[in-house]
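The structure appears right after this line, and notes come after that.
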Amino acid sequence: QVQLVESGGGLVQPGGSLRLSCAASGIRASINAMVWYRQAPGKQREWVAQINNADVTAYADSVKGRFAISRDNAKNTVYLQMNNLEPEDTAVYYCKVGGSLWWGQGTQVTVSS
């Protein structure tokens, strides 16, 4: 019933930008905290950013100032704008409903020359 579908990943050069989307169904993103995580090969899952139902945002130190999380309630979609990308940002990016075990399938982001 609850489904999260990430999109927008791809291959980008260092310094480039991508905008990830997380389209939600079965829940309303406007009344739930929504969270972005990422996992690089051989590394543990890392919390990246979140936005709560009061539109308060928070970011990991590694992405603060470069990434921005936002939400479009009319589209029931959460976004992650990723600027000035670095090779260290290469990972599969997942969205999650806060306080739940509901995850999307992930979208691959590769930052490489």
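Numbering of residues begins at 1 and proceeds along the displayed sequence. Both backbone and side-chain heavy atoms feed into the values below; hydrogens, waters and symmetry mates do not. Nothing here was measured: the structure is a model prediction, and the numbers come from that model.
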Closest approach of [X] to [Y] (non-hydrogen atoms, all atoms of both residues):
{"X": "Val78", "Y": "Ala29", "result": "CG2-CB, 4.1 Å"}
{"X": "Ile69", "Y": "Met34", "result": "CD1-O, 3.9 Å"}
{"X": "Ala91", "Y": "Ala40", "result": "CB-N, 3.8 Å"}
{"X": "Leu4", "Y": "Ala24", "result": "CD2-CB, 3.6 Å"}
{"X": "Asp89", "Y": "Arg66", "result": "OD2-NH1, 2.8 Å"}

Test item: [X] side-chain N/O and [Y] main-chain N/O as donor-acceptor pair under 3.5 Å:
{"X": "Asn52", "Y": "Ala33", "result": "no"}
{"X": "Gln50", "Y": "Val35", "result": "no"}
{"X": "Asn32", "Y": "Val97", "result": "no"}
{"X": "Asn76", "Y": "Ile27", "result": "yes"}
{"X": "Thr107", "Y": "Gly9", "result": "yes"}
{"X": "Gln3", "Y": "Gly26", "result": "no"}
{"X": "Arg28", "Y": "Asn73", "result": "no"}
{"X": "Gln108", "Y": "Gly10", "result": "no"}

Problem set entry | Audit row: Leu11, Ser112, side-chain contact (heavy atoms from CB on, under 4.5 Å) steps and yes/no | CA-CA 7 Å; Leu11 175 64; Ser112 176; 4.3 Å; yes
If you round to the nearest 0.5 Å, how far is [atom2] of [Y] from [atom1] of [X]?
{"X": "Met82", "Y": "Ser17", "atom1": "CE", "atom2": "OG", "answer": "9.5 Å"}
{"X": "Phe67", "Y": "Arg19", "atom1": "CZ", "atom2": "CZ", "answer": "14.5 Å"}
{"X": "Ser62", "Y": "Arg38", "atom1": "OG", "atom2": "CZ", "answer": "4.5 Å"}
{"X": "Cys22", "Y": "Leu80", "atom1": "SG", "atom2": "CG", "answer": "10.5 Å"}
{"X": "Thr57", "Y": "Ile51", "atom1": "OG1", "atom2": "CD1", "answer": "6.5 Å"}
{"X": "Tyr94", "Y": "Trp36", "atom1": "OH", "atom2": "CH2", "answer": "11.5 Å"}

Same apolar cluster (I L V M F W Y, side chains within < 4.5 Å links), [X]/[Y]:
{"X": "Leu20", "Y": "Tyr59", "answer": "yes"}
{"X": "Trp47", "Y": "Val63", "answer": "no"}
{"X": "Tyr93", "Y": "Val12", "answer": "yes"}
{"X": "Val48", "Y": "Tyr79", "answer": "no"}

Problem set entry | Residues forming a side-chain hydrogen bond (donor to acceptor under 3.5 Å, both in side chains) with Glu88, sequence neighbours excluded | none
Problem set entry | Residues which pass salt bridge (Lys or Arg N to Asp or Glu O under 4.0 Å) with Asp72, listed by chain and number, not counting sequence neighbours | none
Problem set entry | Candidate pair Ser113 and Gln13, rule side-chain contact (heavy atoms from CB on, under 4.5 Å), full reasoning | CA-CA 5 Å; Ser113 299; Gln13 294 183 348; 5.6 Å; no
Exercise. Angle class for the Trp103/Tyr37 ring planes (parallel below 30°, perpendicular above 60°, tilted otherwise)?
Worked result: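 Ring orientation, 0 to 90° scale: tilted.
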Problem set entry | Gln81 vs Asn83, side chain to side chain donor-acceptor pair (under 3.5 Å): CA-CA, chis, key distance, verdict | CA-CA 7 Å; Gln81 179 66 47; Asn83 298 322; 3.0 Å; yes
